[in-house]
Structure formats: C-alpha cells, structure tokens
Amino acid sequence: MKKILTAILSTVILGVSAFGFSACTDPVSTDAVNLVNVSAAEVGVRSDIDYFVIPEPAASTKVGAISTLNFAGDLQSLYGGENGYPQAVVVAKNQIISYVAEAVSVKLKAGAEWLLDEATSPESIINAVSSHLSQGMSPTFNAKNLSKQVIKNCSVNFVDAHDCREEVNAFMQKFNAVSETPFGTPSGSFFYEPVDYGATQYEGKISVYAPDGAPALGLAKLMSTNEGLNCSEIEYNVVDATTIQTFVTGATPKADICVLPVNLAVKLLGGGEKYKMLGTLTHGNLFIVSNGGDKITKENLSSLRGKTVGVVNLPQVPGLTLKTILKDNGIEFEELK
C-alpha cells in the first residue's frame, strides 16, 4: 500500500510540475503591453494578437491582402510627430568625404522629391533599384506593392548630419535604455561638419552600398541614371539587410559610402575613425495594423495596456523603437516567449 501511495504522490508531483510551471511560463499582464516576436506571415492571421507592428511595404501588402486588417497607427508619429525618428543614415569613408559630402546632400534631397513627383512612375523606381540588386535577391518593391502612399510611408527625407546631430544622440540614448546590449553613443567626430575644400573631384571609383527596402528607395534617383557623386566612377550595390554591416567592417571595407540603420552605424563606426555620418536618409517606416482594433495615437497609447502586440523582428529596430515609445510614455511592457 505504501508503494502505491508513493507512486500516486510522485505522479501528482510530476503532474503539478509539468502543468503548473508551463501554465505560468508566459503570464499575460493587464498592466503592461505584452510583446511577442512574430514573422511577417503571422501578421493579421493570429487571433491571439491584438495589434501588429510591421514595416512598409509589407504593411500595405498585408492590409491589401486581408480584408479585415487595417492601419491602426504608426511609430513615426508616436515617436516624434511629422519628423519621425532617425532610422537609416548615410556614412562615408574619411578619405573621400570632403569630395562627396556636398553632392550627397544635394542629390539625396532632390531624390526624395523625385520619388513623390507624379511624373516619376513606380516602374522607373523599381527598375532603378532592381538593376543594382545583388545576384539572386528578390526585390522588396514591385509593381503590386509600390505606390506613392507607400513611398510616403517610407519617410525618405535626407537631413544633414549637423542638423540632426541632437536628434540622433537623443534617439541612441533611448535605444540604449531599452536594449539588452547597448549600442553606445556616437562621438562628436562621427558627425560630418561641412568644410570648404573647393570643387575638386575625387579621381577614383566610389562604391555605394545600401540594404534593400526603404534605404535603397532613398538612392533610387541616383541609381536610375548611375548618377555620380563628384567622382570619376561610381558603383551602386543593393544588398540583403542582414549583410550590410559586412561592407563597413574589416581591414579594408568595401563600401566607400554606405546606408546603415542608425544603431548599427553608431555601434560599428560611432568613433569616427574610419567613417563619418553625412546625414539621416529615412525617418521611420514602421506601422501598426489590426483586425478591428482602435486607432492608436499618443493620446490613447495607454489603451495598449493588457493588449498583445506582435512585432516583426522584436529584438531589433522595430521592437526597440516600440519599447522606446512605450517607455517615454511611462507604459510598462513585457516580452512573451
């Protein structure tokens, strides 16, 4: 009898261990925003998630494909109103920066206007970017997902380094506060300051690298005609976003000019020894979508408490940006596993 009771007791204990611990592994808080990492394929189809955060053009593609899914807000306005937040920045090697800085500023500002000009067709933009894609890559933008609204949502707007220095510093401090592995802060020498060296042309080839998506969109006008940047020869390369850091690291980095996420640029190049930042190219392209959820604004952001928000790439920029916004507004958040 004693053996039987022992066996029963052991079974009960094992049952409590198995079911008790698993039941409380991922508690859902009613006081905090519950964050979960999701894939793009899960956006709009998981019924256990109230809101999703996803970048353009995937956001518009999803809303167009799922009849019940709608735009419910955007992280740009939640962070900084019309200015958004500094997302992708342009850096250049120190040895060429004095030759190209002015041309980069002028041409990228003109390129942003060109994208939204009604005379600029989506086809010309798609062709410009696609013609410089790395071999085997599928383009982010195509005839089905590129519209003037999507372009506008990508927030392409070049701002010179000396005009966005304070903005970048403030954003990085906020990013570091919510990141498990802080990215550091840029030194003063990381930000390029205009110097008048005259109109001397750089006598050599310049290689430009950008990740596909919104950053490549910002270079589309230059790529449409292989437009130069005050140099004798130029080469544009659109690469996978997961590899972009490899072109600015190592003993002999391939990229003379590169577009990087601001946090990665600061982490890898923030000392200013090899590269300097010319300016901010994009100011956010992250949107909130939901199946019937209320519109989310700064005024009602606290209504997300107790809700579950699925973020495409929670550990990286999308998740860190959302965490920054919540923290700035005194709203707690928890990550669900």
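Computed from a predicted structure; not experimentally measured.
Under a 3.5 Å cut-off, the side chain of Lys62 and the backbone N or O of Val43 do form a donor-acceptor pair. Judged by distance alone, the side chain of His162 and the main-chain N or O of Pro194 form no donor-acceptor pair under 3.5 Å. A donor-acceptor pair is defined here as one N or O able to donate and one able to accept, closer than 3.5 Å; no such pair exists between the side chain of Lys254 and the backbone of Val208. In terms of modelled atom types and a separation under 3.5 Å, the side chain of Ser105 and the main chain of Ala101 share no donor-acceptor contact. The backbone N or O of Gly204 sits less than 3.5 Å from a side-chain atom of Ser232, completing a donor-acceptor pair. Counting only distance, with no hydrogens or angles, the side chain of Asn145 and the backbone of Thr61 share no donor-acceptor pair below 3.5 Å. No donor-acceptor distance shorter than 3.5 angstrom exists from the side chain of Tyr192 to the backbone of Gly279, with no hydrogens or angles considered. In terms of modelled atom types and a separation under 3.5 Å, the side chain of Asn329 and the main chain of Ile331 share no donor-acceptor contact. For the pair Asn230 (side chain) and Val100 (backbone), a donor-acceptor distance under 3.5 Å is absent. Side-chain atoms of Asn153 never come within 3.5 Å of backbone atoms of Pro57 as a donor-acceptor pair (strictly under, hydrogens ignored).
Among all heavy-atom pairs drawn from Gln201 and Tyr99, the shortest one is C-CD2, 3.8 Å. The shortest heavy-atom contact between Ser290 and Ala72 is CB-CB, 4.2 Å. Across every non-hydrogen atom of Leu146 and Pro122, the tightest pair is CD2-O, 3.8 Å. Minimum interatomic distance between Ile244 and Pro261 (heavy atoms only, all atoms of both residues): CG2-CD, 4.4 Å.
A parallel orientation is assigned to the rings of Tyr85 and Phe171, their planes being inclined by less than 30° (bins at 30° and 60°). The aromatic rings of Tyr209 and Phe247 lie parallel to each other, with less than 30° between the two planes, well short of the 60° mark.
Between Asn291 and Ile66, the closest side-chain pair of non-hydrogen atoms falls below 4.5 Å. Using a 4.5 Å cut-off on side-chain heavy atoms (C-beta onward), Leu133 and Pro139 make contact. You'll find the side chain of Leu268 reaches within 4.5 Å of the side chain of Gln245, heavy atoms only. Side-chain contact between Glu332 and Arg305: absent, with no pair of heavy atoms (C-beta onward) separated by less than 4.5 Å. Side-chain contact check for Tyr275 versus Ile97: every heavy-atom pair is 4.5 Å or farther apart. Counting heavy atoms from C-beta outward, Asp240 and Ser134 have side chains that stay 4.5 Å or more apart. Annotation: side chain of Phe141 is not in contact with side chain of Ile125 (no heavy-atom distance under 4.5 Å). Using a 4.5 Å heavy-atom cutoff, the side chains of Pro315 and Asn37 are in contact.
The line from CG of Asp256 to CD1 of Ile96 is 4.5 Å long, rounded to the nearest 0.5 Å. Once rounded to the nearest 0.5 Å, the distance linking CG of Leu217 with CG of Asp212 reads 9.5 Å. In this structure, Tyr79 OH and Thr321 OG1 are separated by 9.0 Å, a value rounded to the nearest 0.5 Å. Taken from OG in Ser155 to CG in Leu281, the straight-line distance is 11.0 Å, to the nearest 0.5 Å. A distance of 11.5 Å separates CE in Met277 from CG in Leu269, rounded to the nearest 0.5 Å.
Around the NZ atom of Lys148, the shell of radius 6.0 Å holds more than 12 heavy atoms that belong to other residues, nucleotides or ligands. Applying the 6.0 Å contact sphere to NZ of Lys93 captures more than 12 heavy atoms from other residues, nucleotides or ligands. Counting heavy-atom neighbours within 6.0 Å of Glu166 CD, excluding the residue itself, gives a total of 12 or less.
Partner of Asn285 under the side chain to side chain donor-acceptor pair (under 3.5 Å) criterion, out of Gln76, Glu56, Gln87: Gln87 alone.
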Next on the checklist: Assess the residue pair Ser60 and Phe71 against the criterion (side chain to side chain contact (heavy atoms under 4.5 Å, CB included)); give the C-alpha distance rounded to whole Å, side-chain angles, the decisive distance to 0.1 Å, and a yes or no.
Outcome noted: CA-CA 8 Å; Ser60 289; Phe71 281 98; 3.6 Å; yes
Item to check | Derivation of the side-chain hydrogen bond (donor to acceptor under 3.5 Å, both in side chains) call for Ser121 and Ser124 | outcome: CA-CA 5 Å; Ser121 68; Ser124 62; 3.3 Å; yes
Next on the checklist: Run the side chain to side chain contact (heavy atoms under 4.5 Å, CB included) test on Val129 and Met223 for me, step by step, so that the C-alpha distance in whole Å, both residues' side-chain angles and the decisive distance to 0.1 Å come before the verdict.
Outcome noted: CA-CA 7 Å; Val129 175; Met223 292 188 288; 3.9 Å; yes
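Using a 3.5 Å distance cut-off with no hydrogens or angles, the side chains of Asp74 and Ser77 do pair a donor with an acceptor. Side chains of Ser147 and Gln149: a donor-acceptor N/O pair is absent below 3.5 angstrom, by distance only.
By the 4.0 Å N-to-carboxylate-O rule, Lys323 lies close enough to Glu335 to be salt-bridged with it.
The side chain to side chain donor-acceptor pair (under 3.5 Å) pairs that include a residue from residues 168-188 are Lys174-Asp328, Ser187-Ser189, where partners are two or more places apart or lie in different chains.
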